2 protein chains.
Amino acid sequence: MTAPSTKANPPAARRRRKNDPESVRADILAVATREFSEKGLSGARIDEIAEKTRASKRMIYYYFNDKETLYLHTLEAAYQKVRLQEAELDLDHLAPFEALSRLVRFTFCHHAKNPDFIRLVMIENIHHGRFLAQSELIQSLNAGVIDVLTNVYIRGVEEGCFREGLDPRELHWLISALSFFNVSNQHTFSRIFDWHQAAPENQQKLEEHVTEMVLRYVRPE
Amino acid sequence: MTAPSTKANPPAARRRRKNDPESVRADILAVATREFSEKGLSGARIDEIAEKTRASKRMIYYYFNDKETLYLHTLEAAYQKVRLQEAELDLDHLAPFEALSRLVRFTFCHHAKNPDFIRLVMIENIHHGRFLAQSELIQSLNAGVIDVLTNVYIRGVEEGCFREGLDPRELHWLISALSFFNVSNQHTFSRIFDWHQAAPENQQKLEEHVTEMVLRYVRPE
DNA sequence: GACTGAACGTACCATTTCGTACATTGTTGC
DNA sequence: GCAACAATGTACGAAATGGTACGTTCAGTC
């Protein structure tokens with residue numbers, strides 16, 4: 001805390017040779033995130049991560065014990081980042097219908113803008129969620145995610161603009177499914193149906209469809 | 001064609017020593033499907049596939065040239081199997097609303113019953129659909145999938161029970177998204193929200209929700 | 001300014017892993 | 001029956017890969 005020598009530090013004239021643990025750790029984690037999300041746990045190579053890092057392979061094993069631990073930290077960091085962004089959403093001042101619409105659009109766009117995160121979750125599912133299960137951090141992080149949606153939903157039911165009997169957790173499932181699939185299966189879907197799904201105009205359309213779908217689903221009838 | 005000595009063939013008293021190419025090939029493909037879908041392209045090991053096969057590693061390289069080609073054949077076989085099952089669906093004799101409902105439920109259940117296929121598609125997406133792009137077979141197989149849905153949709157619009165202006169391809173996207181996610185993200189979702197998603201009663205509920213969601217989406221209003 | 005532990009670099013090892021060389025056995029056409 | 005080719009078994013090689021041993025430098029403390 002005393003030392004102001006954070007990362008981007010050519011402070012004095014000639015650069016002090018080294019020792020910047022926090023930055024090295026962060027750098028490794030950033031590179032690992034790219035590599036794991038791109039190639040998976042078994043596909044990523046420690047040597048390649050080391051090369052792309054300012055640090056050396058030795059440092060990877062110094063800060064993270066082995067490949068799997070590094071992967072776990074990567075996963076945890078990704079979830080943390082997501083939850084941080086989600087926390088910025090403030091829906092309480094909006095009417096329920098507006099709030100839900102906003103939430104859906106946010107989720108859709110957020111996933112679209114963070115393919116690394118989506119891919120890590122895909123990869124984690126390939127591994128049967130075995131690493132996620134080890135992480136108390138991620139479990140606790142996600143506890144409150146449903147709460148936001150629950151509040152909106154309850155308000156909506158009270159005001160009569162949402163129908164009763166829906167489970168917020170299942171509602172969250174539906175929103176996640178649509179937003180996740182948009183990123184996770186973009187490649188196969190685009191190729192099979194010869195449709196450039198990633199194109200802005202198509203993303204726009206899908207966002208509309210998804211929002212419309214969720215809103216129609218909660219509307220009383 | 002002349003030789004009736006297909007696979008399960010201890011035909012005469014003492015079993016002929018060997019040479020059953022078709023069966024060997026099929027066996028390798030079956031094992032490879034399990035291995036690749038379980039561990040991914042980079043995670044699967046040729047040696048392990050060889051061990052689990054009645055054949056030897058030599059045979060893998062004999063029939064399929066290398067690991068990636070074997071993976072591609074696995075992927076193609078998986079898509080072929082799916083399309084075969086889909087072809088059994090006969091929706092033309094049903095009213096549009098019923099037909100669509102049937103289609104959604106079929107897709108949902110089919111995906112749920114074929115996690116291997118889902119996982120292969122996940123893995124293929126991790127690889128940016130690079131292998132699928134090489135396969136003319138898969139491209140052609142999927143050409144007609146939209147047609148079924150298009151027919152149902154057009155009939156529905158004509159009879160006034162579906163609203164106009166929807167794109168069948170996008171409708172297919174929505175149905176796929178919900179059905180796919182149900183399998184692909186089961187592990188992470190279950191663990192994070194402490195909800196046994198695979199439990200029959202929950203699968204039942206999700207099937208209802210998904211169907212309801214799609215039907216509500218197409219209803220004119 | 002010596003001491004100590006944290007931070008870091010280099011070289012290396014043991015295994016794993018994809019793939020192949022080579023020999024052998026079955027099968028089919030004539 | 002015999003040539004010619006398809007199918008299969010065994011053993012091995014070369015490179016990649018996760019991980020470590022060992023030594024060196026940095027930074028704070030007395």
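Predicted model, so just to flag it, every value in this text is computed and none were measured. Naming: A, B, ... by sequence-line order, numbering from 1 per chain.
- Between Lys52(B) and Glu48(B) there is a salt bridge, with a side-chain nitrogen of the basic residue lying less than 4.0 Å from a carboxylate oxygen of the acidic one.
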| remark: Readout for nucleotides 19-24 of chain C: B = base within 4.0 Å of protein heavy atom, S = sugar-phosphate only, - = neither; 5' to 3' it is BBBB--
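- At the heavy-atom level, Phe64(B) lies nowhere under 4.0 Å from the strands shown.
- Residues from residues 28-45 of chain A placing a heavy atom under 4.0 Å of any atom in DNA chain D, listed by number, are Ala44(A), Arg45(A).
- When rounded to the nearest whole Å, the span between OH of Tyr71(A) and P of dG19(D) equals 15 Å.
- For the pair Arg25(B) and Glu22(B), the salt-bridge criterion is not met [side-chain N within less than 4.0 Å of a carboxylate O].
- When the P atom of dG5(C) is taken as reference, atom OH of Tyr62(A) falls 12 Å away, rounded to whole Å.
- In summary, Glu124(B) and Arg191(A) do not engage in a salt bridge, as defined by a charged side-chain N under 4.0 Å from a carboxylate O.
- In this structure, Met59(A) atom CE and dT10(C) atom C1' are separated by 12 Å, rounded to whole Å.
- Applying the ring-ring contact (aromatic ring centres under 6.0 Å, His included) criterion to His111(B), with sequence neighbours excluded, gives no partner residue.
- The six-membered or imidazole ring of Tyr79(A) lies near that of Phe117(A), with a centre-to-centre distance under 6.0 Å.
- Within the structure, a side-chain polar atom (N or O) of Tyr63(A) is placed less than 4.0 Å from OP1 or OP2 of dC8(C).
- Salt bridge Lys57(B)/Asp47(B): present, at least one basic N to carboxylate O contact under 4.0 Å.
- Ion pairing between Lys81(B) and Glu76(B) fails under the 4.0 Å rule for side-chain N and carboxylate O.
- Rounded to an integer number of Å, the gap from CD1 of Ile60(A) to P of dT10(C) is 14 Å.
- A salt bridge links Lys39(A) with Glu35(A): the distance from a Lys NZ or Arg NE/NH1/NH2 to an Asp or Glu carboxylate oxygen falls below 4.0 Å.
- Looking at every heavy atom in both residues, Ser140(B) comes nearest to Leu137(B) through OG-O, 2.7 Å.
- Summarising the geometry, the separation between CD1 on Ile49(A) and P on dG18(D) is reported as 8 Å, rounded to the nearest angstrom.
- OP1 or OP2 of dG9(D) sits under 4.0 Å from a side-chain N or O of Ser56(B).
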